[in-house]
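Take a look at the structure below.
Numbering of residues begins at 1 and proceeds along the displayed sequence. Quantities reported herein were computed from a predicted structural model and do not represent experimental measurements.
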Amino acid sequence: MNSDTLAGLILSYLAGKLSPGDEASLLKWREASEANEKLFQTLVSENYLENGYAAWRSIDTLRPLKQMQQRIRRSRRAALGRVAGYICGACGILVIGLFLGMNIRRPQVPAEIQQEQKGDLISMIEPGTTKGILTTGEGEVYNLDESRPVADIVKKHAEDRARLNNLEIPRGGEFHITMEDGTEVWLNAQTSLKYPEAFSDTLRCVEIIGEGYFKVAKDSLRPFIVRTAGQTIRVWGTEFNVNSYEDDEEVLTTLVEGSISLVSDGHPTNELMLVPGHQAVFSKRADETTVKTVDTEVVTSWRNDMFVFDDLTLDKIMRQLSRWYDFNYEFRDEASSQIVFKGRIPRYGKFGDALMILELSGGLKFEVEGETIYISKKTII
């Protein structure tokens, strides 16, 4: 029995939704060896789940999921059924490890992560905050945060408002801006947005590098244009997510509501229409675009204070974490970077706890040398 199938059977067992056929399959696996039965009893034990949940709950989030915590307290079994989608994050590292086919021990803080108490690099790394640097078309520079939004910047004369402002969100930052037409943009860490203080009478055009979630105000007379690396997105009034980092090989455009069209610079006559729930994947190297169906809640989870990993390699996970927590890392071996994870981590949690989840579930080792975190597979003796 593969790990994915086993994970599904144990989840169904915990939720009280195991069919007779699945129950027989699970029983057969349990009876196959003493080790299987021992692992099963460990994973379904109340102490194991409580310890796993306690580890997750100990993460100090600024915006906690209070309603989900209350549901879990009311009824362990009922809660497991209702929050199956959250189980990777809420019940310790149980399901993440199962997806990786690993026999997880009882959750405990690894030695590498215990260095937090010594005031080392890991303990000093904090989650991102609301901040940005605005450079106006006239060259004036403003540091922005929650107490000083873009709206507080003095408006220029009408003839100067067509010049492009540049809003940069550094590593370890995020920002929300409302433009003069009512369009809202949420900007992720290490992102820059170029936009005019006022749009023209015929067109609304912006440029983005990094990741942003757009909620475009409807305007039938002025289409909204978003320029990214190698392509142009044309919008009339909709919600979508754009992921266009310079160090990524692909540009991901995910439509949540409405409709948009995309045109690559290399094929200006080929216009691709996107419908909600679909993601356009533009390859910078091949200059080609493919479309696939995605879970938009997973793609936009960063806006809801969560990191959600759905069959994501550790290489891509560490890119996300490094942008948000602002740290440097290196893989000691290629194999570690290609480990695939399923799960979720609170975006405002402690950095050490995020590493603990990855370390326990992936058999990884994190070591600090100078200002860099080195990642490798844990040696099994």
Task: Test side chain to side chain contact (heavy atoms under 4.5 Å, CB included) applied to Leu312 and Gln320, step by step - done: CA-CA 11 Å; Leu312 209 60; Gln320 291 186 32; 3.4 Å; yes
Open item on the list: For Gln338, I'd like to know if atom CD has over 12 heavy atoms of other residues, nucleotides or ligands within 6.0 Å.
Closed with: yes
Open item on the list: I need the Ile260 CD1 to Glu239 CD distance, nearest 0.5 Å.
Closed with: 12.0 Å
Open item on the list: Test your reading of the model: is there a side-chain donor-acceptor pair from Asn143 to the backbone of Ile133, 3.5 Å cut-off?
Closed with: no
TODO: Please identify each residue that fulfils side chain to side chain donor-acceptor pair (under 3.5 Å) with Asn188, with sequence neighbours left out.
DONE: Glu211, Arg347
Open item on the list: Looking at Glu371, I want to see if its CD is surrounded by more than 12 non-hydrogen atoms of other residues, nucleotides or ligands under 6.0 Å.
Closed with: no
TODO: Determine the minimum heavy-atom distance between Gly132 and Ile169, stating which atoms define it.
DONE: CA-CD1, 4.0 Å
Task: Geometric class of the Phe327/Tyr329 ring pair [parallel <30°, tilted 30-60°, perpendicular >60°] - done: tilted
Task: Partners passing side chain to side chain donor-acceptor pair (under 3.5 Å) against Arg227 (at least two apart in sequence or in another chain) - done: Thr232, Asp265
Task: Spacing of CD belonging to Gln190 relative to CG belonging to Asp326, to within rounding of 0.5 Å - done: 8.5 Å
Task: Ile357 reachable from Leu314 in the ILVMFWY side-chain graph, under 4.5 Å edges - done: yes
Task: Donor-acceptor side-chain pairing of Thr372 and Glu330 below 3.5 angstrom - done: no
- [ ] Using side-chain contact (heavy atoms from CB on, under 4.5 Å) as the criterion, list what pairs up with Ala335, not counting sequence neighbours.
- [x] Asp333
Open item on the list: I'd like to know if the side chain of Ser283 and the backbone of Ala286 have a donor-acceptor N/O pair within less than 3.5 Å.
Closed with: yes
TODO: Return the set of residues passing side-chain contact (heavy atoms from CB on, under 4.5 Å) with Thr293 (not counting sequence neighbours), or none when no residue passes.
DONE: His278
Open item on the list: Is the ring pair Phe224/Phe199 parallel, tilted or perpendicular, if the boundaries are 30 and 60 degrees?
Closed with: perpendicular
- [ ] Check for a donor-acceptor pair, side chain of Arg222 on one end and backbone N or O of Ser200 on the other, with a separation under 3.5 Å.
- [x] yes
Task: Closest non-hydrogen atom pair, Ala217 against Gly182 - done: CB-C, 3.9 Å
Open item on the list: Under 4.5 Å between side-chain heavy atoms, counting indirect links through other Ile/Leu/Val/Met/Phe/Trp/Tyr residues: same cluster for Ile233 and Val275 or not?
Closed with: no
Open item on the list: Between Tyr195 and Val185, is the side chain to side chain contact (heavy atoms under 4.5 Å, CB included) condition met? List the steps.
Closed with: CA-CA 11 Å; Tyr195 68 98; Val185 188; over 6 Å; no
Open item on the list: Checking Phe366 against Ile375 for the side chain to side chain contact (heavy atoms under 4.5 Å, CB included) test, could you report, in this order, the C-alpha distance in whole Å, the side-chain angles of both residues, the deciding distance, and whether it holds?
Closed with: CA-CA 5 Å; Phe366 294 91; Ile375 309 162; 3.7 Å; yes
TODO: Locate the shortest heavy-atom distance separating Leu274 from Gln279; write the atom from each residue and the value.
DONE: CD1-C, 4.4 Å
Task: Closest heavy-atom pair and its distance - Val226, Ile208 - done: CG1-CG2, 3.8 Å
Task: Summary of ring pair (Phe, Tyr, Trp, His ring centres under 6.0 Å) pairs that have at least one residue in residues 243-274, sequence neighbours excluded - done: none
Open item on the list: Could you go through Arg332 and Glu369, starting from their C-alpha distance and side-chain angles, then the distance that decides it, and tell me whether this counts as salt bridge (Lys or Arg N to Asp or Glu O under 4.0 Å)?
Closed with: CA-CA 12 Å; Arg332 293 196 188 276; Glu369 295 183 11; 2.6 Å; yes
Task: Evaluation steps, side chain to side chain contact (heavy atoms under 4.5 Å, CB included), between Arg163 and Thr136 - done: CA-CA 8 Å; Arg163 296 180 181 177; Thr136 68; over 6 Å; no
Task: Donor-acceptor contact present, side-chain Asp181 to main-chain Thr183, <3.5 Å - done: yes
Task: Ser336 versus Lys377, closest heavy-atom pair with distance - done: OG-N, 3.1 Å
Open item on the list: Between Arg344 and Ser301 (side chain of the first, backbone of the second, donor and acceptor by atom type, cut-off under 3.5 Å), is there such a pair?
Closed with: no
Open item on the list: If you take the centroid of each ring, where Trp contributes its six-membered ring, are Phe341 and Phe309 closer together than 6.0 Å?
Closed with: no
- [ ] Could you grab the distance from atom CG of Leu262 to atom CG of Asn270, nearest 0.5 Å is fine?
- [x] 12.0 Å
Open item on the list: Distance check, rounded to the nearest 0.5 Å: Ile125 atom CD1 versus Lys350 atom NZ?
Closed with: 14.0 Å
Task: Ring geometry between Tyr348 and Trp324 (parallel below 30°, tilted from 30 to 60°, perpendicular above 60°) - done: perpendicular
Open item on the list: Are more than 12 heavy atoms, taken from residues, nucleotides or ligands other than Lys131, located less than 6.0 Å from that residue's NZ atom?
Closed with: yes
Open item on the list: Would you say Trp302 ends up clustered with Ile209 if hydrophobic residues are merged whenever their side chains have heavy atoms under 4.5 Å apart, either directly or through other cluster members?
Closed with: no
- [ ] Establish whether Leu203 and Leu164 are linked, either directly or via other cluster members, by ILVMFWY side-chain heavy-atom contacts under 4.5 Å.
- [x] no
- [ ] Hey, could you give me the CZ/CG distance between Phe282 and Leu252, rounded to the nearest 0.5 Å?
- [x] 11.5 Å
TODO: Output the distance between atom CH2 (Trp186) and atom CZ (Phe214), rounded to the nearest 0.5 Å.
DONE: 11.0 Å
Task: Asn36 side chain vs Trp29 backbone, donor-acceptor pair below 3.5 Å - done: yes
Task: Other ILVMFWY residues reachable from Leu27 by side-chain steps of under 4.5 Å - done: none
- [ ] Applying salt bridge (Lys or Arg N to Asp or Glu O under 4.0 Å) between Asp248 and each of Arg323, Lys284, Lys316, report the one that passes.
- [x] Arg323
Task: Minimum-distance pair of heavy atoms, taken over all atoms of Ser192 and Glu168 - done: CB-CG, 4.1 Å
Open item on the list: Starting from Ile122, can I reach Phe307 by hopping between I/L/V/M/F/W/Y residues whose side chains sit under 4.5 Å apart?
Closed with: yes
Task: Exam field: side chain Thr296 to backbone Gly277, donor-acceptor pair closer than 3.5 Å - done: no
